[in-house]
Amino acid sequence: MSENNDKRLFLVDAYAMIFRGYYALIRSPRITSSGMDTSAIFGFTNSLIELIRRQKPTQLAVVFDVGKTNVRTEDFADYKANRSDTPEAIQLAIPYIHRILQAMHIPILGVEGYEADDVIGTIACKAEKQGYTVYMVTPDKDFAQLVTPNIKIYKPGLKGAEFEILGVEEVQAKYGIKDPKQVIDFLAMMGDAVDNIPGLEGVGEKTATKFLQQYGSLENLLEHTHELKGKLKEKVENSAERGRMSKRLATIICDVPVDFEHEKYDLETPDFEQVRQVFDEIEFRRLYETLYRAFSEDKVSTGAEVLEPAKEGATQLDLFSSFDDLEQATSQKASLDSSQTLYQLIDNSTAVKALVKTLLEKDSVCFDTETTSLNELEAQLVGISFSYRKGLAYYVPIPTKLEQRSQTLELLRPFFESTKVEKVAHNLKYDYKVLYMHGVQVQEPYFDTMIAHYLLNPDGRHGMDYLAQMHLNYEPISLESLIGKKGKGQGLFNELPLETQRDYSCEDADITFQLYELFRPELEKSELLTLFKEVEMPLLQVLAGMELRGVQLDRGWLEKESKDLESDLKALEEKVFSLSGETFNLNSPKQLGDILFERLGLDPKAKKTKSGQYATSEDILQKLSAAHPVIEPILEYRTYQKLKSTYVDALPLQIDAHDSRVHTNFSQTTAATGRLSSLNPNLQNIPIRTLRGQQIRGAFVASRGHRIISADYSQIELRLIAEIAKEQSMIEAFLKGEDIHASTASKLFNVPLQEVSKLQRSQAKTVNFGIIYGQGAFGLSQQTGLSRSEAKSMIDAYFATYPNLKSWMANQVEEARQKGYVQTLLGRRRYLKDINSRNFVVRGHAERNAVNAPIQGSAADLIKMAMIRIDRLFNEKNLKTEMLLQVHDELVFESPLDEIETASLLIKTQMEEVYETKVPLLVEVGVGKNWLEAH
DNA sequence: AAGCAGCA
DNA sequence: TGCTGCTT
């Protein structure tokens with residue numbers, strides 16, 4: 001293994017890698033059955049094994065910080081202070097990682113009193129002298145200073161991203177410098193927040209780069225400060241000493257008392273049995289197979305070849321089913337490659353026909369489309385892959401020429417339009433829309449693996465590459481590595497060689513099919529299959545329809561409003577400048593804060609945000625409005641600026657040139673409660689509160705001969721709370737048709753309903769609202785301006801009025817503790833792993849979610865059901881009315897004039913009768929030429 | 001609270 | 001990346 005001409009030493013920066021692994025998984029951490037967070041261990045170990053598998057180091061060691069690091073702390077007491085609050089999961093991880101490394105026979109290094117950086121630096125230098133090529137394995141940019149022709153940085157790829165190797169040239173290019181050593185000067189000038197290196201005052205990345213090009217080093221800069229001008233000159237001169245200290249802090253020490261004993265670092269075969277024991281303990285199942293493979297694959301002997309981030313051919317897609325036990329693996333070693341996957345190109349009509357015939361005999365078939373664009377409306381089909389068995393997939397290229405393309409699609413049509421075969425895909429709505437634009441309408445039954453995972457784990461991430469790694473322990477070819485990063489230089493999928501297209505696409509279909517096999521039984525086990533089949537899958541098609549349809553905007557009005565706002569803003573800006581006696585960028589909260597609190601000294605105890613800036617949010621400014629006349633125009637400026645930039649100017653840019661309509665995208669897998677979310681553009685946050693904001697809704701217009709119908713559930717969440725918690729007095733209020741906030745106030749303040757004051761009603765409303773959003777006592781005081789204890793007693797009074805509500809809430813929390821999750825009316829789950837946390841902030845959050853998720857989620861369930869039924873009835877009755885938008889408790893339609901009454905009634909009835917409840921569900925319907933009038 | 005988005 | 005602000 002260790003030929004002389006191949007001496008490649010990898011030094012792993014342990015803590016940096018552990019942190020990185022931990023944060024990479026922070027959104028869906030790995031938790032064992034006993035509740036231990038093993039994300040950090042997994043992240044680290046996975047990267048390490050990946051490194052061994054792909055790079056085949058000859059020498060390898062892992063370096064930790066040991067004991068107190070006092071060499072630098074003498075210099076600057078705060079050094080690395082920011083790192084002290086290490087998460088619990090990381091502290092817990094260290095002993096396990098040590099055990100794993102020992103079992104793998106990988107040396108653990110560390111020198112008391114020195115940073116791991118310094119140990120790595122020292123060993124790297126020594127190894128270089130002995131003819132080694134050294135790779136420092138770390139995401140930390142500080143190491144760039146050590147780079148030489150034989151010492152490089154190996155930056156592992158994060159989740160699907162490729163790894164990076166930084167040699168001299170890369171470092172030069174990245175920092176715009178001649179010598180990697182200048183990285184020290186660079187850090188000394190700009191500072192580094194993570195390591196608490198202060199840097200020079202007023203110098204950031206840009207300025208530091210400029211200085212380096214001009215002066216070459218910190219010292220030289222400090223000698224020439226007289227050449228600088230203005231504020232910057234002053235700041236740099238004042239912080240010169242700080243700069244020199246920063247340079248000492250940033251310098252990695254290369255004379256740590258440690259030797260490089262190369263024979264100890266030879267990469268040896270692990271003690272598999274021992275590794276397995278540790279893995280078993282922390283419930284790592286698939287990682288063991290990866291480890292075994294890393295050591296059983298053919299060794300590659302020349303460094304240069306291995307280090308090219310080359311793609312492995314798709315034929316090497318490993319299927320670890322055959323690695324279930326060690327013996328089998330041993331006997332198969334090195335020969336498993338092409339035997340287990342078959343990715344076939346289907347490029348003539350005879351073969352396509354045969355394929356479709358086969359597909360039509362299957363119960364479930366997975367497919368994946370490849371296109372030229374992420375925008376479904378303009379995407380051209382390039383190819384489609386199919387898979388119905390693990391390891392097996394077919395790729396059908398779709399010709400560019402119209403005639404041949406239609407021919408191919410006609411051959412495929414029977415499959416897509418079959419009502420027997422279940423069509424499996426990841427993010428099926430995308431494929432549905434693309435095919436729809438090509439004249440093919442994919443029919444139910446559907447199985448979207450992305451949505452399946454969303455139901456199984458609504459808080460997690462649902463991307464295919466990510467799921468492949470988590471559930472199949474497999475890293476797919478990244479599209480980016482084939483066609484380049486997003487932006488100008490990005491290539492098109494159809495320009496790739498056919499074999500590459502085939503391998504990439506088949507792999508996706510194959511993986512999706514494997515995910516399907518995994519998730520389907522899981523859905524069943526969690527009793528989510530009905531929700532999935534009856535609600536989410538049918539909804540997919542409804543949403544696709546809404547997105548394809550889009551909504552018409554009044555471009556002329558928006559353009560005029562933009563000009564009006566522009567001139568209003570100009571006037572306000574001048575007013576602010578003259579009142580404050582200074583001109584600055586009003587859009588910069590940072591500059592605004594400085595002016596208000598430094599120059600005008602408005603509030604000596606001004607609040608700061610956590611990054612040290614002055615907070616200038618609306619509620620803070622509002623309190624100051626009496627203190628200075630400048631505040632009022634600032635607030636007004638803010639409001640208008642927001643309207644202009646976010647809506648008036650942004651919306652016209654999203655108008656599609658083909659049909660002059662805006663096509664938003666509804667995400668069915670983003671909000672953990674079960675709500676939808678809308679993006680590109682977000683049409684769920686169009687203003688309504690203020691008069692001028694409202695006008696924007698007027699720009700959402702019905703097309704000629706049509707009207708907008710808006711239908712909104714009145715107080716659906718409160719009604720559901722009353723229903724689910726069986727809160728009798730609240731139910732009665734709804735039955736009597738009372739104003740619920742007034743009714744709450746009447747009970748809360750013990751006054752007759754007729755005598756409830758405005759303030760009382762508004763306070764009751766805030767409490768009701770707080771319950772819905774699970775805000776708790778703490779948020780309430782913020783919202784109302786009441787003191788903490790006043791808010792507290794208000795909530796006590798609230799619970800005294802609604803005792804069943806209180807006990808229902810307590811019940812939810814209890815249920816979450818026992819089962820680990822809470823449920824909506826339709827069985828949608830939200831897992832709350834923090835419900836037993838010892839940290840009361842974290843636990844409190846989970847507890848509020850235990851109450852909030854079933855309410856918000858149930859409301860989401862109901863409106864989703866209503867959408868499906870309305871859509872079906874429109875089709876059955878052949879109505880031309882079309883659903884355009886959903887805004888959580890509101891549906892917006894576009895209806896031909898002669899259908900308005902029929903459609904309105906149908907909509908209202910379906911929404912109100914969507915689910916049988918004791919509390920009546922009330923829907924308010926409005927009609928108008930635009931969304932504003934319809935409200 | 002939790003979505004999305006604009007801006008520096 | 002952090003801050004701010006719009007909706008429900």
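Protein chains get the first letters and strands the later ones, always in sequence-line order, with residue 1 at the start of each.
Across all strands shown, A:T673 has no heavy atoms under 4.0 Å from either base or sugar-phosphate atoms. At the heavy-atom level, A:S667 lies nowhere under 4.0 Å from the strands shown. Within the nucleic acid shown, A:E618 comes within 4.0 Å of sugar-phosphate atoms alone, with no base atom in reach, counting heavy atoms only. Within the 4.0 angstrom heavy-atom criterion, no nucleotide atom of any strand lies near A:I772.
A heavy atom closer than 4.0 Å to some atom of DNA chain C occurs in A:R638, A:K642, A:Y647, these being the qualifying members of residues 634-647 of chain A.
Comparing A:N852 and A:S677 by the nucleotide of DNA chain B that holds the closest heavy atom to each, the one mapping nearer the 5' end is A:N852. Residues A:R830 and A:Q654 both approach DNA chain B. Their nearest nucleotides, taken by heavy-atom distance, put A:R830 toward the 5′ side.
Taking atom CG of A:N587 as the reference point, atom P of B:dA8 lies 5 Å away to the nearest angstrom. Spacing between atom NZ of A:K590 and atom P of B:dG6 amounts to 24 Å, rounded to whole angstrom units. In this structure, CG of A:N665 is placed 10 Å from P of B:dA5, rounded to the nearest angstrom. Between the NE2 atom of A:H888 and the P atom of B:dA1 there is a distance of 17 Å, given to the nearest Å. Whole-Å rounding puts the A:Q684 CD to B:dA2 P distance at 16 Å. Rounded to whole Å, atom P of B:dG3 lies 16 Å from atom CZ of A:F666. Atom-to-atom, CG of A:N680 to C1' of B:dC4 comes out at 10 Å; the value is rounded to the nearest Å.
For A:F577 and A:F584, the ring centers sit closer than 6.0 Å to each other.
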Counting only pairs under 3.5 Å, give me each side-chain donor-acceptor contact of residues 635-642 of chain A, with atom names and distances, residues two or more places apart or in other chains.
{"from": "A:Y637", "atom 1": "OH", "to": "A:N587", "atom 2": "OD1", "distance (Å)": "3.4"}
{"from": "A:R638", "atom 1": "NH1", "to": "A:T616", "atom 2": "O", "distance (Å)": "2.8"}
{"from": "A:R638", "atom 1": "NH2", "to": "A:T616", "atom 2": "O", "distance (Å)": "3.2"}
{"from": "A:R638", "atom 1": "NH2", "to": "A:T616", "atom 2": "OG1", "distance (Å)": "2.9"}
{"from": "A:T639", "atom 1": "OG1", "to": "A:L635", "atom 2": "O", "distance (Å)": "2.8"}

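Note: A:W931 and A:H935 have tilted aromatic rings, judged against thresholds of 30 and 60 degrees for the angle between ring planes.
Checking A:E847 against A:Q812 by side-chain atom types alone, no donor-acceptor pair falls below 3.5 Å.
Listed by first and then second residue, the salt bridge (Lys or Arg N to Asp or Glu O under 4.0 Å) pairs that reach into residues 859-868 of chain A are A:E536-A:K864, A:R828-A:D861, sequence neighbours excluded. Legend: salt bridge (Lys or Arg N to Asp or Glu O under 4.0 Å) pairs involving residues 678-692 of chain A, not counting sequence neighbours, sorted by first then second residue: A:E561-A:R692, A:D568-A:R692.
You'll find that the side chain of A:A671 is closest to B:dG3, out of B:dA5, B:dG6, B:dG3.
Residues forming a side chain to side chain contact (heavy atoms under 4.5 Å, CB included) with A:Q715 (at least two apart in sequence, or on another chain): A:L718, A:R719, A:F734, A:I740, A:H741.
Salt bridge absent: A:K141 and A:E164 never bring a charged side-chain N and a carboxylate O closer than 4.0 Å.
Taking the 5' to 3' direction, DNA chain C first and last meets chain A under 4.0 angstrom from a heavy atom at C:dG2 to C:dT8.
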With salt bridge (Lys or Arg N to Asp or Glu O under 4.0 Å) as the criterion, how do A:R761 and A:D739 come out once you've worked through the C-alpha distance, each side chain's angles and the decisive distance to 0.1 Å?
CA-CA 10 Å; A:R761 181 183 182 279; A:D739 168 349; 2.7 Å; yes
